[in-house]
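Below: one structure, written as structure tokens.
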Amino acid sequence: MKNEEVAAIFESIAQLLEIKGEVIYKTLSYHRAAESIRALGRDLNDVRQEEGLQSIPGVGAAIAAKIEELLDTGSLDFYNRLLEEVPAGLLDVIAVRDVGAKSAARFWKELGVTNLDELEQAAGAGRIRAMPGMGERTETRLLENIAEHRRLATGRMLLDEADRAAQEVLAFVREIPGVEHADIAGSLRRRRETIGDLDIVASAEDPAAALQVFIQSPKILKVLSSGESKASVILPTGIRAQLWIYPIREFGSALQYTTGSQAHNVRLRELAQKQGLSLSEHGYKREDGSILSCASEEEVYRAVGLDWIPPELREDRGEFTQKLPVLISVEDLRADLHMHTTWSDGRNSLEEMADAALKAGLRVLAVTDHSRSLGVAGGLSIEQWGAQHAEVERLQVKLQGRLRILHGAEVEILPDGSLDFPGDVLARMDVVIASLHAGMHQPGDAATARILTALENPWIDILAHPTGRLLGRREGMQLDMEAIFRSAAQQRIALEINAHPERLDLNDILARRAVELGCLLAVNSDAHSQDQFSHLRYGTSVARRGWVTPAVVVNTWPDAELLTWLGRKHG
DNA sequence: GCCGTTTTCGGCCCGACTGTTTTCAGTCG
């Protein structure tokens, strides 16, 4: 059984227990265990054999025993019995906004509702408003929220879309009279790979007045809620956004609070509590009732004896207990080792791409069009690659050393694990990227074997978008990443963090694990047009979330070092 | 159910907003 399946079961257990009315801390334990398992980056079976399951944060004796039962039998008696007690359809009910475990339990016990359809029928028939403590408005809003839930079932944005939408809101907020600072917060500031809604935090002399201007603007489609300090709205694009406004002296604690993650904030507040401090978005309250306001985030962390923690690390994945790394930044990237031109499926010519790379601040660019078997993407024949090589040489002369161009290819890994070009062609390349675009539906062990065979090929430098996932569209292959990382580390092959916002592959968790196992990484744009070098910042944010330092990322290295690494194979 | 630079038992983050009530529970982030 896969980690993700185990985590999903614990998540369901947490919710079912909450509906059942179990003490909240027990449900929290299952929730935390699920999060820890998701962040593990390695197979539960390995952890069980090596350090033991209880080495996982939030996993004690009881949950460890349940994990073992799941791993051994593929099923969990405790969970099965829970499902007989509480209708599984209620899990969909509590996924609706403003419906939590308490309400779901009441709908179930008082109206016999066991799933979302039945809840919608009950609301439509006016049976909600008849319940004690519920009214007409509750019922109307419930119907709206159910409709919204059905519309947005897929509902998360990719990073680039979220960035664009957030910048628009931010610009608008900054123009509201009386607003001093405004910043992006929430999961977008933490650079999560997909974004549910936008969080903006601002400071103003008179927060309530500024909020009024915000919610009355024609740029807002609908106001979901609004008060003295926060408003939740829907933008004309259908995207949900929240704006918090605080006095300037509280801006630091407000930014820290609204950035999250929730798990990180809970840990930080627990830490504060042990020092006799109560932390909220307004600052610290001491035991004598006095207030310590924080205008900057640094002050928030310093007050409890911590260094400022970069937002990308705020996921309760060790940032309070482990030494913080010096994270990679996008300015560290000197080279881009994966891109395409009109020779295969790119939209711009080689020269246009080179110009764009220069404008993006790059010093080294690897030209890596597809290989011959990828017909749909205009893969190059051996002869075409040779012709392209002549063009690369001409362009290199023309560029007069302003940009160093390496010539390689993104070479298909064929079904038997061999590469799409023979060794004598690969030997002529400056850089060889191996990747897989076809036959991704084969079982995980077969796909793993195929990649492991490919990694034995003496010419490979980089394994591109290793899992093949497409966010929101396709799950990655179920590979044995541990085996792939070990092989790549041994061969000094770099694993790619593909920076396309739809790929981000490796993800943060896998990137962190790869580095732990001694792998090199490459953050590449995979640009198919001249505007896509800007994607490098998305790849960088994945690396940052994976605790990655520049030292292990080959395209941050000085030319000499990079060429030495490439030259180990290509002479 | 987990966990320990005050604890192996007794704790477990904190406040804003809503809707329905007259003081609060539920939900959310």
Side-chain angles (χ1 to χ4, degrees), chain A residues 10 13-14 17-19 21-36 53-67 78 93-107 128-129 131-142 144-145 185-187 189-190 196-201 207-208 211 215 223-233 240-246 250 253-254 256-285 304-305 314 316 321:
Chain A
F10 286 146
I13 288 174
L17 286 175
E18 207 178 339
I19 293 169
E22 186 57 85
V23 287
I24 196 71
Y25 300 111
K26 190 184 278 196
T27 70
L28 180 65
S29 294
Y30 281 101
H31 188 71
R32 278 184 167 172
E35 280 303 306
S36 269
L53 293 170
Q54 291 193 51
S55 69
I56 302 169
V59 174
I63 290 183
K66 291 184 173 72
I67 297 175
F78 175 77
V93 169
I94 60 171
V96 174
R97 180 203 313 285
D98 294 339
V99 181
K102 294 272 168 43
S103 305
R106 287 196 61 195
F107 297 147
I128 304 298
R129 70 178 81 179
M131 294 169 71
M134 306 265 177
E136 211 177 316
R137 302 179 70 149
T138 305
E139 190 175 83
T140 307
R141 182 167 276 225
L142 177 60
E144 286 173 9
N145 288 345
S187 56
R189 179 160 182 249
R190 302 198 313 279
D197 51 31
L198 306 177
D199 297 294
I200 310 285
V201 58
L211 267 176
I215 62 174
V223 178
L224 295 172
S225 72
S226 72
E228 296 280 299
S229 64
K230 74 173 267 200
S232 181
V233 305
R240 203 160 76 98
Q242 298 180 92
L243 175 65
W244 283 267
I245 308 187
Y246 292 85
E250 297 179 2
S253 47
Q256 194 286 321
Y257 157 72
T258 53
T259 297
S261 67
Q262 185 143 8
H264 174 91
N265 285 356
V266 169
R267 290 290 184 206
L268 185 60
R269 288 167 181 207
E270 286 173 355
L271 203 65
Q273 215 179 31
K274 285 180 188 148
Q275 302 180 26
L277 294 167
S278 169
L279 174 63
S280 77
E281 53 268 48
H282 303 295
Y284 288 100
K285 191 187 286 178
V304 289
R314 300 182 194 173
D316 189 25
T321 53

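Any value given below was found using the heavy atoms of this structure, including those in side chains, with hydrogens, waters and symmetry copies removed. In this text the structure is predicted, and so the values were computed from the model without any measurement. Order of the sequence lines sets the chain letters (A, B, ...), proteins ahead of strands, with each chain counted from 1.
At least one side-chain heavy atom of Leu277(A) sits less than 4.5 Å from a side-chain heavy atom of Val304(A). Counting only heavy atoms from C-beta outward, the side chains of Arg106(A) and Met134(A) approach each other to under 4.5 Å.
Residue-level contact check: Thr258(A) touches neither bases nor backbone, having no heavy atom under 4.0 Å from any strand. Here Val99(A) lies in heavy-atom contact (under 4.0 Å) with sugar-phosphate atoms only. Using a 4.0 Å heavy-atom distance criterion, Gln275(A) is classed as making no nucleic acid contact. Residue Leu279(A) is in sugar-phosphate contact alone, with no base atom involved, counting any heavy-atom pair closer than 4.0 Å across all strands shown. Within 4.0 Å of Val223(A), counting heavy atoms only, lies no atom of the nucleic acid at all. No engagement by Ala272(A) is indicated, since no non-hydrogen atom pair under 4.0 Å with the nucleic acid exists. As judged by a 4.0 angstrom heavy-atom cut-off over every strand, Tyr30(A) is placed among residues touching the sugar-phosphate backbone only.
Phosphate contact (OP1/OP2 of dT20(B), side-chain N/O of Thr138(A), threshold under 4.0 Å): present. Between Ser278(A) and dC14(B) there is a side-chain polar atom (N or O) within less than 4.0 angstrom of OP1 or OP2. An OP1 or OP2 oxygen of dT27(B) is reached within less than 4.0 angstrom by a side-chain nitrogen or oxygen of Ser103(A). In this model, the phosphate group of dG19(B) is approached by a side-chain N or O of Arg141(A) to a distance below 4.0 Å at OP1 or OP2.
Among the nucleotides dT27(B), dG15(B), dC17(B), the one closest to any side-chain atom of Lys285(A) is dG15(B). Proximity note for Asp199(A) (side chain, C-beta onward) versus dG29(B), dC17(B), dC2(B): the nearest is dG29(B). The side chain of Lys230(A) has dC17(B) as its nearest neighbour among dC17(B), dC28(B), dG1(B). Closest approach to the Glu281(A) side chain among dC28(B), dA16(B), dC2(B) is made by dA16(B) (side chain taken as heavy atoms from C-beta onward). Proximity note for Glu270(A) (side chain, C-beta onward) versus dG29(B), dC2(B), dC13(B): the nearest is dC13(B). Of the candidate nucleotides dG19(B), dC13(B), dT27(B), dC13(B) has the atom nearest to the side chain of Arg269(A). Considering only side-chain atoms of Arg240(A), the nucleotide from dG29(B), dG26(B), dC2(B) that sits closest is dG29(B).
Straight-line distance from the NZ atom of Lys274(A) to the P atom of dC13(B): 10 Å, rounded to whole Å. Between the NE2 atom of His31(A) and the P atom of dC2(B) there is a distance of 15 Å, rounded to whole Å. Distance CZ (Arg267(A)) to P (dG29(B)): 21 Å, rounded to an integer number of Å. Summarising the geometry, the separation between CD1 on Ile13(A) and P on dC2(B) is reported as 12 Å, rounded to the nearest angstrom. Atom P of nucleotide dT27(B) and atom CG of Leu142(A) are separated by 11 Å, given to the nearest angstrom. Straight-line distance from the OH atom of Tyr246(A) to the P atom of dA16(B): 7 Å, rounded to whole Å. Put simply, CG on Asp316(A) is 16 Å from P on dC2(B), counting in whole angstrom units. Taking atom CD of Gln242(A) as the reference point, atom C1' of dT27(B) lies 12 Å away to the nearest angstrom.
Partner assigned to dG1(B) is dC12(B), using Watson-Crick or G-U wobble distances below 3.5 angstrom.
Rounded to the nearest 0.5 angstrom, Arg129(A) CZ and Arg137(A) CZ are separated by 13.0 Å. In this structure, the separation between CG on Leu243(A) and CG on Leu211(A) is 5.5 Å, given to the nearest 0.5 Å. Rounding to the nearest 0.5 Å places OG1 of Thr27(A) at 11.0 Å from CD1 of Ile19(A). To the nearest 0.5 Å, atoms OH (Tyr257(A)) and CD (Gln262(A)) are separated by 8.0 Å.
The same atom, P, is picked in dT22(B) and in dA16(B); the two are 23 Å apart, to the nearest Å. Atom name P, nucleotides dG11(B) and dT20(B): the rounded distance is 37 Å, in whole Å. dC2(B) and dT7(B) have their C1' atoms separated by 13 Å, with the value rounded to a whole Å. Spacing of P atoms, dT8(B) relative to dC3(B), comes out at 16 Å, to the nearest Å. Rounded to whole Å, the separation between the C1' atoms of dT27(B) and dC13(B) comes to 16 Å. Look at the C1' atom in both dC17(B) and dC12(B): the space between them is 25 Å, to the nearest Å. Separation of the C1' atoms belonging to dG19(B) and dT23(B) is 13 Å when rounded to the nearest angstrom. With C1' as the reference atom, dG10(B) and dT6(B) are 13 Å apart, rounded to whole Å.
The environment of Glu228(A) atom CD is sparse: at most 12 non-hydrogen atoms of other residues, nucleotides or ligands sit within 6.0 angstrom.
Ser232(A) and Arg240(A) share a side-chain donor-acceptor pair at under 3.5 Å.
Contact detail for Thr258(A) and Ala185(A): the closest heavy-atom pair is OG1-CB, 3.3 Å.
Listed in residue order, the members of residues 259-266 of chain A having a heavy atom less than 4.0 Å from DNA chain B are Gln262(A), Val266(A).
When the side-chain contact (heavy atoms from CB on, under 4.5 Å) test is applied to Arg267(A), the partners found at least two apart in sequence or on another chain are Arg32(A), Glu270(A), Asp316(A), Phe320(A).
Interface remark: the Tyr25(A) side chain does not form any donor-acceptor pair with the dG11(B) base, using a distance-only criterion of under 3.5 Å.
Comparing Ser226(A) and Leu277(A) along DNA chain B, the residue whose closest nucleotide (by nearest heavy atom) sits nearer the 5' end is Leu277(A).
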